[in-house]
Asker: 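Quick one: the structure is below, questions incoming.
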Amino acid sequence: MKLAIIDIGSNSVRLMLSADGKTLYKKLCTTRLGAGLAQSGILAEEPMENTLRAAEGFCAEGFNEGAQVYAFATAAVRTAQNGREFCARFKQRCGVAVDVVSGENEALLGVLGALGKEDGGIIDIGGASTEVCYRKNGETLFSVSIGLGAVTLHDTCGDDPEKLKQAFGALSRLDGIASCGKTYVIGGTASTLAQIRFGLESYDAVRLQNLPMSRAWVTDAAENLLKMSVTERTGVKGMDERRADVIAGATFLLSEIMKKLSCREVFFSDRDNLEGYVAYRGLA
């Protein structure tokens with residue numbers, strides 16, 4: 001059975017095509033659905049239209065492949081005052097209903113995708129929220145969704161370290177929590193950092209899978225990126241130019257989360273909430 005899973009994120013829309021439980025390929029289109037959401041509380045018209053247009057293309061691709069098409073949305077849609085309006089427009093344009101997942105379930109999707117049935121944890125830095133979840137002996141130890149993400153941090157704090165530190169007060173929800181087992185980092189920030197760490201000019205999921213990144217390296221990367229202009233960042237080997245403007249604050253956020261969790265090292269996983277959604281819905 002072929003499946004086309006569409007992830008409507010705060011920074012990008014992604015497509016995964018799979019068959020018989022195996023991922024065939026993934027695609028991404030950066031549409032910044034969550035741009036301005038932190039200030040206005042609503043999804044702006046231009047990002048909505050860009051997102052709908054990208055999703056229409058992905059849905060058509062899935063249908064043309066003979067796949068069953070599913071779509072889910074995360075923080076931007078679930079928190080926006082006009083999230084329901086967006087979902088109605090999506091259904092009308094694409095012919096597919098949007099499953100708006102809760103923060104807790106978003107964390108679960110990441111765990112199911114990155115860990116499968118193994119114990120350990122995930123840190124998922126998205127565009128408008130960040131999820132941290134750990135599992136031990138098959139049971140969830142804790143699952144937290146925090147309203148900080150790459151796009152919202154950029155919109156509210158820019159690259160100002162002091163403003164970012166003030167925003168990181170929301171990480172108090174992680175007080176008293178320590179990493180347990182192997183910790184994977186997933187999402188666009190993670191994939192960009194993995195490319196930079198490996199020095200790859202183009203994304204290679206196989207080569208980057210399980211790539212380790214120490215807290216010291218992530219902290220140094222955050223400090224260096226915050227000092228650079230957006231133009232300078234685009235010259236960094238491995239940088240995804242579509243994320244050059246939001247990557248610094250998000251990297252700083254990852255370093256602070258690792259510090260909070262006393263996590264010395266994280267591992268990149270290309271398997272993420274797209275695969276996790278298939279498992280969550282029992283589709284394979």
Side-chain angles (χ1 to χ4, degrees), residues 6-14 28 30-44 47-48 51 71-84 86-87 98-114 121-134 140 142-157 163-164 166-175 177 183-193 243 246-258 260-261 266 269 272-274 276-277 280:
I6 297 169
D7 170 14
I8 307 160
S10 306
N11 188 63
S12 60
V13 182
R14 299 189 301 146
L28 177 149
T30 300
T31 61
R32 293 282 167 88
L33 180 60
L37 177 63
Q39 294 93 339
S40 67
I42 63 172
L43 303 173
M48 279 202 291
T51 299
F72 69 92
T74 51
V77 176
R78 72 170 172 259
T79 60
Q81 296 172 23
N82 56 344
R84 289 186 178 181
F86 172 83
C87 291
V98 179
D99 181 5
V100 182
V101 299
S102 66
E104 181 179 347
N105 282 341
E106 186 175 356
L108 177 60
L109 298 185
V111 166
L112 290 172
I122 60 103
I123 301 170
D124 180 5
I125 297 178
S129 69
T130 294
E131 283 68 45
V132 180
C133 187
Y134 278 88
T140 300
F142 59 88
S143 179
V144 178
S145 181
I146 301 167
L148 299 175
V151 176
T152 52
L153 283 174
H154 176 261
D155 286 351
T156 57
C157 304
K163 289 183 178 180
L164 287 165
Q166 290 178 14
F168 294 165
L171 297 182
S172 61
R173 294 185 61 192
L174 299 177
D175 288 350
I177 296 173
T183 302
Y184 289 95
V185 60
I186 62 176
T189 295
S191 63
T192 300
L193 289 176
R243 291 185 175 273
V246 300
I247 190 65
T251 304
F252 192 11
L253 174 61
L254 176 59
S255 71
E256 288 299 298
I257 291 173
M258 292 177 71
K260 275 276 188 183
L261 298 174
V266 292
S269 175
D272 53 26
N273 55 7
L274 284 165
Y277 190 78
Y280 172 71

Asker: Side chains of Tyr280 and Asn105: donor-acceptor distance under 3.5 Å anywhere?
Answerer: yes
Asker: With a 4.5 Å cut-off on side-chain heavy atoms, are Tyr134 and Thr183 touching?
Answerer: yes
Asker: Are Val77 and Cys87 side-chain neighbours, meaning at least one heavy-atom pair lies under 4.5 Å?
Answerer: yes
Asker: Within a strict 4.5 Å, meaning less than it, do heavy atoms of the Phe72 and Leu274 side chains meet?
Answerer: yes
Asker: Work out which heavy atom in Ala150 is nearest to a heavy atom in Val246; give both atom names and the distance.
Answerer: O-CB, 3.7 Å
Asker: Do Leu43 and Thr51 touch side chain to side chain, with heavy atoms closer than 4.5 Å?
Answerer: no
Asker: Examine distances only and state if a side-chain atom of Ser269 and a backbone atom of Ile186 form a donor-acceptor pair shorter than 3.5 Å.
Answerer: no
Asker: Just jot down the side chain to side chain donor-acceptor pair (under 3.5 Å) partners of Asp124, sequence neighbours excluded, or say none.
Answerer: none
Asker: Ser12: which residues meet the side chain to side chain donor-acceptor pair (under 3.5 Å) condition with it, sequence neighbours left out?
Answerer: none
Asker: Do you know the tightest heavy-atom contact between Ser129 and Glu106?
Answerer: OG-OE1, 3.6 Å
Asker: With a 3.5 Å distance limit and no angle check, can you tell me whether Arg32 reaches the backbone of Gly127 through a side-chain donor-acceptor pair?
Answerer: no
Asker: Flag the pair Leu108 / Ser143 as yes when at least one side-chain heavy-atom distance between them is below 4.5 Å, and no otherwise.
Answerer: no
Asker: Taking it one step at a time, do Ile146 and Leu174 satisfy side-chain contact (heavy atoms from CB on, under 4.5 Å)?
Answerer: CA-CA 9 Å; Ile146 301 167; Leu174 299 177; 4.0 Å; yes
Asker: So, for Glu131 and Ser145, which heavy atoms are closest and what is the spacing to 0.1 Å?
Answerer: OE2-OG, 2.6 Å
Asker: Atom CD of Gln39 and atom OG1 of Thr152: how far apart are they, to the nearest 0.5 Å?
Answerer: 9.5 Å
Asker: Which value, rounded to the nearest 0.5 Å, describes the distance between Ile125 atom CD1 and Leu254 atom CG?
Answerer: 4.5 Å
Asker: Kindly give the heavy-atom pair with the smallest separation between Thr74 and Ser10, and that separation in Å.
Answerer: OG1-N, 4.5 Å
Asker: Any side-chain heavy-atom pair from Val13 and Ile6 closer than 4.5 angstrom?
Answerer: yes
Asker: Between Arg78 (side chain only) and Val101 (backbone N and O only), is there a donor and an acceptor less than 3.5 Å apart?
Answerer: yes
Asker: Roughly how far, to the nearest 0.5 Å, is CG of Leu171 from CG of Leu261?
Answerer: 9.0 Å
Asker: Got a donor-acceptor contact below 3.5 angstrom from the Asp155 side chain to the Gly36 backbone?
Answerer: yes
Asker: Tell me, do Asn82 and Met48 make a side-chain contact under 4.5 Å, heavy atoms counted?
Answerer: yes
Asker: Are Thr31 and Ile8 packed together at the side-chain level, in the sense that at least one heavy-atom pair is separated by less than 4.5 angstrom?
Answerer: no
Asker: Verify side-chain contact (heavy atoms from CB on, under 4.5 Å) between Glu104 and Thr140, making sure each step is shown before the conclusion.
Answerer: CA-CA 11 Å; Glu104 181 179 347; Thr140 300; over 6 Å; no
Asker: Mind listing the closest non-hydrogen atom pair of Ile122 and Ala114 along with its distance?
Answerer: CG2-CB, 3.8 Å
Asker: Does Leu164 form a side-chain contact (heavy atoms from CB on, under 4.5 Å) with Leu253? I'd like the steps, not just the answer.
Answerer: CA-CA 8 Å; Leu164 287 165; Leu253 174 61; over 6 Å; no
Asker: As an exercise, state the distance from OH of Tyr277 to CG of Asp99, rounded to the nearest 0.5 Å.
Answerer: 3.5 Å
Asker: My understanding is that only residues two or more places apart in sequence, or in another chain, count here; which of them pass ring-ring contact (aromatic ring centres under 6.0 Å, His included) with Phe168?
Answerer: Phe252
Asker: As an exercise, state the distance from CG of Leu148 to CD of Glu256, rounded to the nearest 0.5 Å.
Answerer: 11.5 Å
Asker: Quick one: CG on Leu37 to OG1 on Thr156, what's the gap to the nearest 0.5 Å?
Answerer: 11.0 Å
Asker: Identify the heavy atoms of Leu153 and Gly249 that sit nearest to each other, and give their distance.
Answerer: CD1-O, 3.9 Å
